[in-house]
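The first residue in the sequence is number 1, and the count goes up from there.
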Amino acid sequence: MTATGIRARGLGVRVAGDRDVLRAVSLSVAPGSMLVIAGASGSGKTTLLEVLAGVRPPDEGSVTHAGAPPMPRSGGLGFVPQDDIVHRDLPLARTLRYAAELRLPAGTPADEVAAAVRQALDDLGLAAVAGQRVGTLSGGERKRASIAVELLTRPRVLFLDEPTSGLDPATGAALLKLLRGLAHQGTTIVLTTHTPADVLRADLVAFLAPEGRLVYRGAPDGLLKRLGAETIEEAYGAAADAPSIADTPDGPDLRDEEAVAVTDHAGRFSESHPKSLGPLRQWWLLTRRSAEILARNRLSAAVLVGSPVVIIAMFAMLFRPGAFDAAAPDPASTAMICFWIAFGAFFFGLTYGLLQICTELPIVRRERLTVLRLGPYLAAKAAILLPVLVAADALLLGVLRVLHRLPAAGWNVYGSLFVSAVLASAAALALGLLASAAVAEPGQATLMLPLLCFPQVLFSGAFVPVPRMSAAGSGLSWAMTNRWAFEALGSGVGLDALWAHGASPMGPPQLASYGDTFAHPSSRGWLWLAGFTVLFLAAAWAVLARKCRRVAR
């Protein structure tokens, strides 16, 4: 592996209001050395790391790796954010295996994939815990596991955002020793830190003051003299009053000793453009990974299977048998049965989708910087959950029919009801994935559940028929998937013919308040539900793409 040097000149980054996050930062890192970026909170350490890694473009200045612009998707660059980028429900070796299959060039033989996983485990001292579930590992082991993911492609340069954060001093020191070992093997290391002891273990220190001013750049032993401090802890306070290096005579012109071996030929990076998996193969890999994650999380699997059973049991207890019997007409109950079937299908899909993305967003963001395609990613989620939803909807209809909560009818009627329920679940699943992509954490997704459910109940047209709604309510009902599922189910079971036209012994129409709600063919509702499914999935893709771009910037 050829080591890579880094050179940055006059880096500047601004945020809203023209506030400087970085200001005229210039430095260079020799190949195979370790740079530690330190400074007080808010001084721009993470921003500088992202700019040096090429995942965020600067507003001013330039960065080169081996004389060429950095290319995060090339395979020669590793980036470890503060959050874990490994799935906690899988054994460590399995999560590394999936990461290797995703990141290594398409067509890499299975034995080479296995060798890359073994090498990464050995390099990080994790071979002894390879079979353990990631969630059971210690904090230090999980940090090393995230680093192991990046080492699978043997990067020339590795960037880490506060890798020792949250670790005890001994574990943090051991991790820094491990990173120094990687540097000695030829990997250029750049990391940020809040830990004073980490500063002393670097080859080169870049110390930032507020507003991203670089106040020191050099060997660790010169930091205290430069800032007039007696300890590293005091240096954090002294940095605020120190002049920027850009303002000193040696300014942005880098000293020769700092630029040693940074002049690697730019063509070196042209070797690292591995062909990634195509969309179909990536979808299949992500589908297998999602299925294994779901199978290994027993609580999630139990909820996935158990919640439809509980809800179906409640539905069976809620309604009396024979509501569709023309000899004992109960039009209100038949309408409510159709509504609750629609809402049950909606609830299944929504709850299945709500926690699918937000729980692994850091992993998605990191993989998106390399090879992940968002289309196959979302399609993999649907491929895992839709079959479960289809089974739940079939069970719901089957149980209600056996218990005489639905009418005796032929396959054409039940085929229509089944299609309506499945499309209602699919639309709700897509809405759940959209909400999961939009929130930042699982707790927020849980809070979204009632906010998404209540409008679907109120404006579905079941409790207050659409013809009886205000103009605003009627307009809003068009955006409710539950309205179209309710109408499609009512049309499929024939509510309009059964009650509205006086077919019962009661004589006069009994669902007159619903107007022509059930007069349209079920296919009308199907088209709306299918359209909402596509719309929500496209919106989920756009939200995820925006979040990933925001990280990249």
Walk me through it: do Arg88 and Asp84 pass the test salt bridge (Lys or Arg N to Asp or Glu O under 4.0 Å)? CA-CA 9 Å; Arg88 294 195 173 197; Asp84 291 339; 3.1 Å; yes
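- The two residues Arg142 and Gly135 have their closest heavy-atom pair at NH1-O, 4.5 Å.
- In this structure, Asp83 does not pair ionically with Arg365, as no charged nitrogen and carboxylate oxygen lie closer than 4.0 Å.
- Across all non-hydrogen atoms, the minimal contact from Leu77 to Arg366 is O-NH2, 3.9 Å.
- Geometric assessment of Arg373 against the ring of Tyr377 yields a negative cation-pi assignment under the 6.0 Å and 45° thresholds.
- Under a 4.0 Å N-O distance rule, the pair Arg289/Glu360 does not qualify as a salt bridge.
- Contact check on Arg288 versus Glu292 returns no salt bridge, with no Lys/Arg side-chain nitrogen under 4.0 Å from an Asp/Glu carboxylate oxygen.
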Begin with the C-alpha distance, continue with both residues' side-chain angles, and end with the deciding distance and a verdict on salt bridge (Lys or Arg N to Asp or Glu O under 4.0 Å) for Arg213 and Asp20. CA-CA 9 Å; Arg213 297 183 299 109; Asp20 287 316; over 6 Å; no
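- Counting heavy atoms of neighbouring residues, nucleotides and ligands inside a 6.0 Å radius, atom CD of Glu233 exceeds 12 of them.
- Remark: Arg14 engages Glu60 in a salt bridge, criterion side-chain N to carboxylate O under 4.0 Å.
- Residues Leu449 and Leu350 meet the side-chain proximity criterion, which asks for heavy atoms closer than 4.5 Å.
- The two residues Gly212 and Val25 come nearest to each other via the heavy atoms O-CG2, 3.4 Å.
- Applying the side chain to side chain donor-acceptor pair (under 3.5 Å) test to Thr193 and every residue at least two apart in sequence or in another chain returns Asp198.
- Proximity of a side-chain donor or acceptor of Tyr352 to a complementary backbone N or O of Leu355 within less than 3.5 Å is not detected.
- No hydrogens or angles considered: a donor-acceptor pair under 3.5 Å links the side chains of Glu141 and Ser138.
- Formation of a donor-acceptor pair under 3.5 Å by the Thr287 side chain with backbone atoms of Trp283 is found in this model.
- Between His194 and Pro196 the shortest heavy-atom distance is O-CD, 3.4 Å.
- Defined by atom type and a distance below 3.5 Å, a donor-acceptor pair is missing between the side-chain atoms of Arg7 and Ser28.
- For the pair Ser436 (side chain) and Cys358 (backbone), a donor-acceptor distance under 3.5 Å is present.
- Between the side chain of Ser43 and the backbone N or O of Pro210, no donor-acceptor pair lies under 3.5 Å.
- Between the Gln282 side chain and the Gly278 main chain, no donor and acceptor come within less than 3.5 Å of each other.
- Counting heavy-atom neighbours within 6.0 Å of Phe347 CZ, excluding the residue itself, gives a total of 12 or less.
- Taking 4.5 Å as the limit, every side-chain heavy atom of Val371 sits out of range of all side-chain heavy atoms of Leu277.
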How far apart are the C-alpha atoms of Leu286 and Lys381, what are their side-chain angles, what is the distance that settles it, and do they pass the side-chain contact (heavy atoms from CB on, under 4.5 Å) test? CA-CA 8 Å; Leu286 296 171; Lys381 296 295 185 184; over 6 Å; no
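- Contact between Ala99 and Val149 at its shortest, heavy atoms only, is CB-CG1, 4.1 Å.
- Of the possible polar contacts, none joining the Thr95 side chain to the Leu92 backbone as a donor-acceptor pair under 3.5 Å is found.
- Using bins of under 30°, 30° to 60° and over 60° for the plane-to-plane angle, the ring pair Phe159/His65 lands in the parallel bin.
- Within the 4.5 Å cutoff, side-chain heavy atoms of Leu27 are placed close to those of Leu35.
- Of all heavy-atom pairs spanning Val13 and Val51, the tightest one is CG2-CG2, 3.9 Å.
- For Thr164 (side chain) and Leu167 (main-chain N/O), no donor-acceptor pair under 3.5 Å exists by modelled atom type.
- Judged by distance alone, the side chain of Glu162 and the main-chain N or O of Thr192 form no donor-acceptor pair under 3.5 Å.
- When side chains are defined from C-beta on, Phe532 does not count as touching Leu537, because their heavy atoms never get closer than 4.5 Å.
- In this structure a side-chain-to-backbone donor-acceptor pair under 3.5 Å is missing from Ser33 to Val29.
- A search for side chain to side chain donor-acceptor pair (under 3.5 Å) contacts involving Asn297 returns Asp89, Ser300, not counting sequence neighbours.
- In terms of modelled atom types and a separation under 3.5 Å, the side chain of Thr188 and the main chain of Gly32 share a donor-acceptor contact.
- With a 4.5 Å cut-off on side-chain heavy atoms, Glu112 and Leu104 do not count as touching.
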